[in-house]
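The next block holds one structure in the form of structure tokens; read it before the comments.
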Amino acid sequence: MNRLDEKAAEGRGPGAAAPPARPDERLLKRSPLRRLLGRPELGSVVGVVAVFLVFAVVADSFLRVSSLSTVLYAASVMGIMAVPVALLMIGGEFDLSAGVLVTSSALCSAMLSYQMSANVWVGVGVSLLVTLAIAFFNGCLLTRTNLPSFIITLGTFLMLTGLNLGLTKLISGTVSTKSIADMDGFGSAKELFASSFTVGGVGFKVTILWWLGLVAVATWILLRTRVGNWIFAVGGNKDVARAVGVPVARTKIGLYLGVAFGAWVSGQHLLFSYEVVQSGEGVGNELIYIIAAVIGGCLITGGHGSPVGAAVGALLFGVVSKGIVFAEWNPDWFKFFLGAMLLLATLLNHWVRKRAEATA
């Protein structure tokens, strides 16, 4: 009996019956329905199925395999970033510079390779280091100052936006980079970041494999490793997590580095798909990454969510963006539908969580 139990026994007095022991909730068995209701990605799955059925009815060409390939490509481009952004949000932080960081990564690879007349893999490697350094700066500034990540990454967003434009015009003389398609190593780099593969006579982009690979790795980290426990802990309450020995600073910096890796992959895909990069690209995409994560069940306050949910949120983006095209609707309505999906998925996730808590 510990001290708290002894004091409680003294307060009851002699002969008082001890209250029944409260069972450990971790040992309680839950029904499959309760476990399903507790899944953070449930709302996004319901949303994707509903929207998919709508477009399957109104657009005859939507169910073609080639059309589904286009949907998966659009989803994968956003999903590569949505997955690490989701992990960061589970850890309780944001990164508003994620969208322009993708462009910064591509610009670094293109301009460095072109100006040095080097093998493009040199530019690709240096770009990875630069991208990770920017994320390390964000993470260190966050953990050293305790300023909100919203403020820190908003500042980084503005700095990178200006840097992308300023350096590109200074070096290239225009707002876009020079083509590097004829340089050594371009073909092999394109195979890794921007190639296609064929399944059943239908072409699929390699970004789909990157996307699925990142989902698998992120899910394994979150659910099967000690680092995953740390991420949930710092997102739930960083002070309590620090008190029980969780390396809060290292965990948050690592999450920013994960976002940087996703930005690097996305940036290289952008470069090797189009051979040139426009310096103004990427602005606003950070909101879509966050939307995908929130639709997938991530809480704005942190401590809850899943990479699978973020992937489903990105899939919803792909279904809506391409479904509107196949249905021949006015694409001006795309942002409206995206916002509506965000609100509906958030409300559904909130309702599901309340029901799960009530039946636990």
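In the hydrophobic clustering of ILVMFWY residues, with side-chain heavy atoms under 4.5 Å counting as a link, Leu132 and Met159 come out apart. Taking hydrophobic clusters as Ile, Leu, Val, Met, Phe, Trp and Tyr residues chained together by side-chain heavy-atom distances below 4.5 Å, Phe336 shares a cluster with Ile290. Hydrophobic cluster membership differs between Leu287 and Val312, with clusters built from Ile, Leu, Val, Met, Phe, Trp and Tyr side chains linked at under 4.5 angstrom. One hydrophobic cluster, built from ILVMFWY side chains closer than 4.5 Å, cannot hold both Val325 and Phe317; they sit in different ones. The hydrophobic clustering, which links ILVMFWY residues whose side-chain heavy atoms are closer than 4.5 Å, places Ile300 and Leu96 together.
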**Asked** Which is it for Lys169 and Ser279 under the side chain to side chain contact (heavy atoms under 4.5 Å, CB included) test, yes or no, and what are the steps along the way?
**Response** CA-CA 9 Å; Lys169 293 183 71 174; Ser279 59; 5.7 Å; no
Test Leu88 against Tyr289 for side chain to side chain contact (heavy atoms under 4.5 Å, CB included), laying out the working first. CA-CA 11 Å; Leu88 181 64; Tyr289 307 149; over 6 Å; no
List the steps, then state whether side chain to side chain contact (heavy atoms under 4.5 Å, CB included) holds for Ser306 with Thr219.
CA-CA 7 Å; Ser306 75; Thr219 301; over 6 Å; no
Given the rule in the side chain to side chain contact (heavy atoms under 4.5 Å, CB included) test, do Leu257 and Phe136 qualify, once you have shown the distances and angles that lead to the verdict?
CA-CA 6 Å; Leu257 293 177; Phe136 186 76; 4.2 Å; yes
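A heavy-atom distance below 4.5 Å is found between the side chains of Trp264 and Val124. Counting only heavy atoms from C-beta outward, the side chains of Cys140 and Ile253 approach each other to under 4.5 Å. In this structure the side chain of Phe62 reaches within 4.5 angstrom of the side chain of Val71, judged on heavy atoms. Counting heavy atoms from C-beta outward, Asp95 and Val85 have side chains that stay 4.5 Å or more apart. Contact check for Phe137 versus Tyr256: no side-chain heavy atoms found under the 4.5 Å cut-off. Within the 4.5 Å cutoff, the side chain of Val175 has heavy atoms near those of the Leu165 side chain. Val294 is listed as a side-chain neighbour of Met89, based on a closest heavy-atom distance under 4.5 Å. The shortest distance between side-chain heavy atoms of Leu147 and Leu141 does not fall below 4.5 Å.
Between the side chain of Thr174 and the main chain of Ser176, a donor-acceptor pair closer than 3.5 Å is present. No side-chain donor-acceptor contact under 3.5 Å links Ser76 to the backbone of Gly79. Side-chain atoms of Ser109 never come within 3.5 Å of backbone atoms of Ser127 as a donor-acceptor pair (strictly under, hydrogens ignored). Between the side chain of Ser273 and the backbone N or O of Leu270, no donor-acceptor pair lies under 3.5 Å.
Heavy atoms only, all atoms of each residue included: His269 and Val77 are closest at NE2-CG2, 4.3 Å. The two residues Ala86 and Ala310 have their closest heavy-atom pair at CB-CB, 3.5 Å. When all heavy atoms of Leu87 and Pro307 are compared, the closest pair comes out as CD2-CG, 4.0 Å. Here the closest heavy-atom approach between residue Ser104 and residue Leu160 is recorded as OG-CD2, 3.8 Å. The two residues Val83 and Ala218 have their closest heavy-atom pair at CG1-CB, 3.6 Å. Minimum heavy-atom separation, Val215 to Ala311: CG2-CB, 3.6 Å.
Taking the six-membered ring for Trp and the full ring otherwise, the centers of Trp211 and Tyr73 sit at least 6.0 Å from each other. In this structure, Phe272 has its ring center closer than 6.0 angstrom to the ring center of Phe186. Ring centroids of Phe150 and Phe157 are separated by 6.0 Å or more, keeping the two rings apart.
Among Thr156, Thr153, Thr143, the single residue meeting the side chain to side chain donor-acceptor pair (under 3.5 Å) criterion with Asn138 is Thr156.
Atom CD1 of Ile295 sits about 5.0 Å away from atom CG of Leu316, to the nearest 0.5 Å. Expressed to the nearest 0.5 Å, how far OG1 of Thr177 lies from CG of Leu271 amounts to 6.5 Å. In this structure, the separation between CG on Asn146 and NZ on Lys238 is 4.5 Å, given to the nearest 0.5 Å. Atom OG of Ser67 is separated from atom CZ of Phe55 by 12.5 Å, given to the nearest 0.5 angstrom. Going from atom OG1 of Thr103 over to atom CG of Asn285 covers 7.5 Å, rounded to the nearest 0.5 Å. With rounding to the nearest 0.5 angstrom, the CD atom of Glu275 is 8.5 Å from the CD1 atom of Ile180.
With a 6.0 Å radius and a threshold of 12 heavy atoms from other residues, nucleotides or ligands, Phe334 has its CZ atom above the threshold. The environment of Arg242 atom CZ is dense: over 12 non-hydrogen atoms of other residues, nucleotides or ligands sit within 6.0 angstrom. A 6.0 Å sphere centred on OH of Tyr114 holds no more than 12 heavy atoms belonging to other residues, nucleotides or ligands.
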